[in-house]
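Order of the sequence lines sets the chain letters (A, B, ...), proteins ahead of strands, with each chain counted from 1.
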Amino acid sequence: MVGVAEFLFSTLIFPGLLFAAAVGLLYIGIDRKITGRLQHRVGPPIWQEFLDFGKLLTKEDITPAAAQGAIFDFAPVVALGAVVTVLLLFPVNSVQPALQSVADLIVIIYLLNIPAISMMLGGYASGTPFGAVGAWRYVVQLFSYELVFVLAILSVVARVGSLSVSGVVGYQLANGWLLFDPRLWPAFIAVVIAAQAKLLRVPFDIPEAHTEIVHGPLTEYSGPKLAVWRLVYCVETLAVLGLLVNLFLGGPVSHTIAGVTIPGVVDFLVKVFALLLVTTVMRNVMARLRIDRALRFFWTYGLLLVAVSLVLVVV
Amino acid sequence: MTVIVPVGPQHPALKEPENFRFEIRGEEVVDVDIRMGYVHRGIERAMQDRTYLHNVYLSERICGICNVVHTNTYCQAVEAIAGIEIPDRARYIRTILLELERIHSHLLWAGVAAHEIGFDTLFMYFWRDREHVLDIREAVSGGRQLSATNTVGGVRRDIKLEHIPRMLDVLKRLERETRRYLEICSSDPTILSRCEGVGVLTKQDALEVCAVGPTARAAGVDWDVRRDDPYAAYGDLDFRVVIERTGDVLAQILVRLGEVIQSIEIVRQAADRLPSGPIRVDPPTRIEPNEAVARSEAPRGELLYYVVSNGTDKPERVRVRTPTYGNVLTWKRMFKGCTVAEIPIVLASIDPCMACTDRVTLVDVERGRSRVVSLEELRRWKKW
């Protein structure tokens, strides 16, 4: 009975749905505010994402007649489930994740791809040319950044010798952050750029480039479903950056300052915020790349960077 | 398999309702079908029912962005058929307003272009600086956009002496910023990768389809009405016509930003040499039967007015040829071999002003060739 209650708590409240949604929406709100300031605008208040989310929930839900209803309806929910699950599988508060010894890095890599695949399916199923073109582009983009992303994680795995995130975090607790290992610097740079592509941020917002193909796969989504997609995007940002924090920045560490113990989650969120600042600045100082250039970039420079790290670590 | 992707009449890349049907294979554009006429307003016909003076305000409303050049060209045509010489001070005031308009129009375009290639930060910066120009336009003419200053026989409002130092101060700042943008646009790797060699219009093509304005000058056509057929005070001022050779989107950016710097120089000279005297002569209400063509260099290219009078206080006929009309056909050449990602920036590159163009145009679509994706077609295609 206690086990079930604990499971429900971790899935729905912390670090599951409620926590992920609240922090994700807040962080994207901060991201928008910083973007506004960088662009010499006032920018929206940092709670704007909550308002947008609430507004979308109350809007009319339209499914185009040409859409394949079931796939179109379930794509956002599946994506949301996948990204929330990721938060249950890696350390957020302490070295141990909420669901212990259930899954390792391989599962996390798979789960982080589900939003992308759901978005493609949703785009194809929506029955609009913009959705289809967006999905084509997303496939190409997935094939460009994913290898770099996986190889960067692999170089961490090879360095630590453990496939579990807790193992990597535990190793860092004992030996210091992996970011301070010069052999992993190229991999870290590559994985931050790949995360930018994974989160569809400029210069890699190609699949939903709104001046070109309206909103790509999400063109036909409206109302609550679009709200869920928005939530997926926010939680995915938290999940991807959180994974990088766990792999390179030491993960959640609880500090004791003047006798008061600060829980690890605070440390975790501060580190995620630092990475968020990096990606926000990156997305504001560049123009969108063309899909073929993005592909070429990842298969040349990106691959070269991680290959250097992997060779240095393994040899 | 080719797919028709409709762009417009409602599309985020278009600021005005027009329809383009792109035939694409994967990411490559195979052909484009241009359909216009969504914002036809019948202004030319309306002009025949109004007096010469009233028409000044109607022509001002043909285009929001380049309203001064529209009234200026209309007034030039009417002044020509009525045989009026306008005072020198009016010529200089018109020149200053025309160039301020060119600066704000080009900065607006540059912002839109940056937005089309996904560089929103640059977009915001361009529009921030454009605000300064709008502020000084408001100070000298009373309106941020519509100046309502030109009239038949001169100008309605004088530039006050105290406005000139402020104007020059703003322009000095603007020149510094524009030079920085020129440097950014010709060196930033992401901008170069989106603009260099994209949407190329060769000089030969530009001449064949009669391209005008910055679009033609970016392709190497050395033609500028301001220099080659001077009007207002341009004959007395020194400036350079900015020419590029490559004809791609980058060349268009460089030409327009270069023209902003030249315009700042023109305004400086005009403000410096501003003659004193009256600003207006009284035009006759009725004009004897006559006809005249007037043209001037709008921010988007050569603008042409043809006015026929019939002895009454209303014109017999007014015909307007806007620069975008002259440039529409360049799209057909530019889009050859482009990718979907390049559609918005190439569409935007000629700085289209549809509301001006549609006032008169009905482009005849070859019926046999145009295909519309029906719901049925979409369903079939979806199952692929």
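If you measure heavy-atom distances from A:V140 to chain B, you find no contacts under 4.5 Å at all. Residue A:R293 touches chain B through its side chain alone, counting heavy-atom pairs closer than 4.5 Å.
Heavy-atom neighbours of B:E138 CD from other residues, nucleotides or ligands within 6.0 Å: above the threshold of 12. Around CZ of A:F50, the count of heavy atoms belonging to other residues, nucleotides or ligands within 6.0 Å exceeds 12.
Rounding to the nearest 0.5 angstrom, the gap separating the OG1 atom in B:T121 from the CZ atom in A:R283 is 8.5 Å. If you take CG on A:D292 and CD on B:E28, they are separated by 11.5 Å, rounding to the nearest 0.5 Å. Rounding to the nearest 0.5 angstrom, the gap separating the CZ atom in B:R128 from the NE2 atom in A:H40 is 4.5 Å. The structure places CG of B:L122 at 11.5 Å from CG of A:N284, a figure rounded to the nearest 0.5 Å. A:L38 contributes atom CG, which lies 12.5 Å from atom CG of B:D120 (distance to the nearest 0.5 angstrom).
No side-chain heavy atom of B:I191 sits under 4.5 Å from any side-chain heavy atom of A:M286.
A:R288 and B:R194 get closest at one heavy-atom pair: O-NH1, 2.7 Å. The two residues A:A287 and B:T190 come nearest to each other via the heavy atoms N-OG1, 3.2 Å. Between A:V285 and B:D188, the shortest heavy-atom contact is O-OD2, 4.3 Å.
Considering only heavy-atom pairs separated by less than 4.5 Å from chain A, the leading option among B:F123, B:F119, B:Y125 is B:F119.
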